Amino acid sequence: MAISIDRRRYPARFALLLLAPIATFYVLTLSHGIQAGDGPELTTAAYRLGVPHPSGYPLYTLTGRLFSLVPLGSIAFRMNLFSALCGAAAAALLGGFLRREGASAVGAAFAAAALATSSALWRESASAEVYTLSLLFLALLLAVSPERRGETRRVFLFSFLAGLALTNHLSLVFLLPVLALRAVFAAGVSRWTAVSSALFFLLGLTPYLYLPVRASLDPLWNWGDPSTLDRFVAHVTGYGYWGYLGEGNTVGRFLSWLGGLGTKLTWGVYLLVPAGVVAMRRSHRPLLILVAGGTLLSLGYTLHFQINDPAAYFLPVYMLLATAIAFSTRFIPTKTAAPLFAVLIVVQAAQNAHSCDLHDRGVMDEYINNLLMTLDEGAALVAEGDSDTFGLLYALHAERRRPDITVWNAVLDLMPDGPLFEDLPTAGGRTRAKRERLRARLRSGGAVYAVSDRDELGLATFELVPYGLLYRYVRIGAAVGARRSGIWKEYHVGEARKVPRDGGYLERILAATYPLQESRLRLAEGKEEDAYTLLRKTEEMGDGLSVVLNNVGLAWYRAGRNDEARRLYTKAAAIARDGLPRLNLAYLSLEEGKVDEAKEHFRWVISHDPRLRYDALFALGRLLTAGGDRAEGERMLRAAAEERPYETAPLVELARSRVDEGRYGEARILFAKADRLAPGERRAGEFSIAAALEAGGETGEAADIYAALTGNPPADGDALEALALLRAGQGRDEEADSLFEILVGFDRNDPSRLNSYAWSLAERNRNLPRALDLARRAADLAPSDPYIADTHGWVLYRLGRCDEAVESLRDAMRLGYRGEGARYRLGLALVCAGKSDEGLALLRSALEADPESPHATEARRLLGGEG
């Protein structure tokens, strides 16, 4: 079935004339490496024939595979070239379409050039992404759309291309209704034609078959493993991203879009739109309806899509605006139009060049190179975001660099039982297995790093310390030697310094990463002023970026500067599309005792950010339950459990609520349900019940539970420690000491167990030489642990070595021990060491804050009855 194009009606030669200069322009300005965003993932998926993130983009993957094999430059350059040619073809086809529709040659050329030099299309054409191919299909649908009745072949071609377009990006589904209606009204469609068109449309969807077929072959990159029907449907429909389409401030996003129009096209170009609309209203009403309807539908979808950087989703809007611009020449003399339009294009290109010309922009390549430089031979990295995960994916599996390292992302675990897919029927526990393998690697002495200081492994004897751009897991007490502050001198940061203030969203985030991470390192080294200077620099670099402002606020919070943290969170919340800054404000308010304010923030997040609704429901549920509003709190916790039925935390919290009420049978049922999701929760539940019984004076029943958990012979160290402490509290010293000796025998290099035994002996004022030996060994293993330093000081005080006790207890407070007990113990040691004024002042303040402390009686005696 041949389709002929009437050159009088579709000037193909005109489109080709436009294609050459636009393509040349794009090739000269495209990136030669990877850029921040989804590009590195899409590039690797195409090159290695994998399955990228939803909706899978099979057409892009398959056509990109062909481009990735072209022996020209790096693999990244080839895929960038693919985007550039698609973008150039889209703009050129638009010019040809407008010429066919009756626009003048000058008007059609101007519209194509205006679209091509807009920052929206130019930026997307400079690096690998799916959006220029999607826009190319929009231009193709316009170009092949029938103009008159009887053009059945064009209807079939239109239908096929419409189906094919959806296999690249689903956003075009919102424009298809107006495009299809225009085609139907123009061609007139019989019942037979409609049925046949539907079949052609389905034929266009066949690239989606690539996803289950390729996934079943276990490719290198297999996001969601869509090899079964339920996972295939979830993947194609973008199941993991449904939360992005939740409720939000659509009006605010619209105003934000209006405010940024001047950075996409020059205002001089926009001023021509009304003239074009008037001209179309007179002679091209069907086309005007298409432009107006398509613009509204595309705007409505994009403004309701809650992502931080939606610029690419507005591309169809700019194409439709360019369509209107082409007809403005009806009101401008021909001799005036050509030079006027040329000036406008030159001005627009100059305006956008600094943010869109990426030919020498390599901040992402530089960032990944610096990460690879940081990692030891054979290291593992716990990644966090798209930039680090996708960039390392490209480096490891497209360029095949550093095959010795492994990368795991706890949030973007790609298997069907990972976090994005755990609530599907096929969910399992592979994520937990991966986490356990990393723990085993760490215990065996392997190097494990993380992109953030959020601990995903949860090992009590390890901590995360700043290590260049990363954090490294080290045994507690070995942190100082692992920081490698000198690594900053080895990094290349020239590209990060070149990123303009109005550059790409993700580029600016990457550039801000350097001073932000260095500030954390300086804080860890105690260089507070240097750290504060770097944080202020980061804030300036990230002005207008909620992600950066939120992260700077978090750094201020961890530096103990809550005032600065609140200022940054508030500033980020004012511009954020998500609720993360609000969530951080809620946590900060809670810490500061502003409970009502915290509740308000939590409720805002629940109402406005579907992706964070679970976190806010869970936090608010805990807050209300602890505050006495048990019924409302449990309602929130049940809602959180429904929101994420694969999470155990809401069930555990509900179970603990039952424990607090003494309803142990109901609590055990809930703990058992949680245990089915995450084995170990039943054991934790028994601990909670035993602790509640112990606190209520039912020490016999509590001891029975601890003994059952310990096993015979003893195997559970946590239960053994709890039983030993309980026996010590009962005055059964010999039994307690015997249990503690077994406990420290499990691992004589576990500082927390050594510390627990030493503390128990000191509190009972028993076998103090043994207590001192234990405390010293613990301090040698973990010199930066404030609790161990506190225990060491308290043992020294019990031994009467008061000056040494003061030194160690001061270290505990310097290292971060802020409890009232620490002030009591330091006050007692100071008085003992002869520093009565300072010691009594400390005791007085501690007594005012905590008059029920076990140390209160001794403090009152020394104060002569005060308080």
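As the structure is a computational prediction, the values presented were derived from the model and not from experiment. Numbers here simply count residues along the sequence, with the first being 1.
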- [ ] For the residue pair F341 and S328, establish whether any side-chain heavy-atom pair is separated by less than 4.5 Å.
- [x] yes
Open item on the list: Would the distance check show the side chain of Y394 and the main-chain N or O of A76 forming a donor-acceptor pair, the cut-off being under 3.5 Å?
Closed with: yes
- [ ] To the nearest 0.5 angstrom, please state how far the OG1 atom of T63 sits from the CZ atom of F82.
- [x] 3.5 Å
TODO: Taking S118 for its side chain and L115 for its backbone only, find out whether a donor-acceptor pair lies under 3.5 Å.
DONE: yes
Open item on the list: Between V269 and I345, is the side chain to side chain contact (heavy atoms under 4.5 Å, CB included) condition met? List the steps.
Closed with: CA-CA 9 Å; V269 173; I345 293 303; 5.6 Å; no
- [ ] Measure the spacing between CG of L140 and CG of L94 and express it to the nearest 0.5 Å.
- [x] 11.5 Å
Task: S104-T329 side chain donor-acceptor pair, cut-off 3.5 Å - done: yes
Open item on the list: Would the distance check show the side chain of D357 and the main-chain N or O of H359 forming a donor-acceptor pair, the cut-off being under 3.5 Å?
Closed with: yes
Task: Approximate separation, where rounding is to 0.5 Å, of I575 CD1 and S546 OG - done: 5.5 Å
Task: Distance-only side-chain donor-acceptor flag, Q348 / T117, under 3.5 Å - done: yes
Open item on the list: Within this structure, what is the OG-CG distance for the pair S31 and L358, rounded to the nearest 0.5 Å?
Closed with: 5.5 Å
Open item on the list: Main chain of S127, side chain of S83: is a donor-acceptor contact present, judged purely on distance under 3.5 Å?
Closed with: yes
Task: Atom of A112, atom of L18 and distance for their closest heavy-atom approach - done: CB-CD1, 3.9 Å
Task: Flag side-chain contact, heavy atom, 4.5 Å: L93 against F97 - done: no
Open item on the list: On a heavy-atom basis, which atom in G50 and which in T61 lie closest, and how many Å separate them?
Closed with: O-CG2, 3.9 Å
Open item on the list: Could you report the tightest heavy-atom contact between A103 and R99, atom names first, then the distance?
Closed with: O-NH1, 3.0 Å
Task: Note, L59 side chain near L166 side chain (heavy atom, < 4.5 Å) - done: no
Open item on the list: When you compare the side chains of H53 and E41, does any donor N or O come within less than 3.5 Å of an acceptor on the partner?
Closed with: yes
Open item on the list: Between T44 and W221, is the side chain to side chain contact (heavy atoms under 4.5 Å, CB included) condition met? List the steps.
Closed with: CA-CA 8 Å; T44 309; W221 190 250; 5.6 Å; no
Task: Residues that E507 engages under salt bridge (Lys or Arg N to Asp or Glu O under 4.0 Å), provided they are two or more places apart - done: R123, R361
Open item on the list: Using only atom types and a distance under 3.5 Å, with no angle test, would you say the side chain of K498 pairs donor to acceptor with the backbone of D360?
Closed with: yes
TODO: With the side chain counted from C-beta on, respond yes when L142 and L179 share a heavy-atom pair under 4.5 Å apart, and no when they do not.
DONE: yes
- [ ] Identify the heavy atoms of A116 and A91 that sit nearest to each other, and give their distance.
- [x] CB-CB, 4.1 Å
Open item on the list: For the backbone of R231 and the side chain of H235, can you confirm whether one donor and one acceptor N or O come within less than 3.5 Å of each other?
Closed with: no
- [ ] Considering non-hydrogen atoms only, spot the tightest contact between G579 and D609 and give its length.
- [x] N-OD2, 2.5 Å
TODO: Compare all side-chain heavy atoms of Y270 with those of I325 and state whether any distance is below 4.5 angstrom.
DONE: no
Task: Residues E101, R285: salt bridge by 4.0 Å N-O rule - done: no
TODO: Using the test side chain to side chain contact (heavy atoms under 4.5 Å, CB included), find all partners of S125 that sit at least two apart in sequence or belong to another chain.
DONE: Y26, L121, T132
Task: Pairwise distance CG(L272) to CG(L344) - rounded to 0.5 angstrom - done: 6.5 Å
Task: Inter- and intrachain pairs under side-chain hydrogen bond (donor to acceptor under 3.5 Å, both in side chains), touching residues 165-177, at least two apart - done: H169-S171
Task: Side-chain touch I289/V178, heavy atoms, less than 4.5 angstrom - done: no
Task: Close side-chain approach of P226 to P212, heavy-atom, < 4.5 Å - done: no
- [ ] May I have all residue pairs that pass side-chain hydrogen bond (donor to acceptor under 3.5 Å, both in side chains) and include part of residues 191-212, sequence neighbours excluded?
- [x] S190-T193
Task: Nearest atoms (heavy-atom pairs only) where L98 meets A322 - done: CD1-O, 4.2 Å
Task: F158 ring center near F200 ring center (under 6.0 Å) - done: no
Open item on the list: Let me confirm one number: the SG-CG distance from C356 to L30, rounded to the nearest 0.5 Å.
Closed with: 12.5 Å
Task: Full working for side chain to side chain contact (heavy atoms under 4.5 Å, CB included) between M364 and S387 - done: CA-CA 8 Å; M364 182 65 176; S387 292; 4.2 Å; yes
Open item on the list: With a 3.5 Å distance limit and no angle check, can you tell me whether R78 reaches the backbone of S68 through a side-chain donor-acceptor pair?
Closed with: yes
Task: Any residue meeting ring pair (Phe, Tyr, Trp, His ring centres under 6.0 Å) with F232, in chain and number order, not counting sequence neighbours - done: none
- [ ] Just do the side chain to side chain contact (heavy atoms under 4.5 Å, CB included) check on T237 and L170 with the steps written out, would you?
- [x] CA-CA 8 Å; T237 59; L170 288 176; 5.8 Å; no
- [ ] Examine distances only and state if a side-chain atom of R214 and a backbone atom of L49 form a donor-acceptor pair shorter than 3.5 Å.
- [x] yes
Task: F327 side chain reached by V278 side chain, heavy atoms, under 4.5 Å - done: no
Open item on the list: Holding to ring pair (Phe, Tyr, Trp, His ring centres under 6.0 Å), I want the full list of residues that pass it with F25, two or more places apart in sequence or in another chain.
Closed with: W122
Task: Flag, side chain of R65 to backbone of A46, donor-acceptor distance under 3.5 Å - done: no
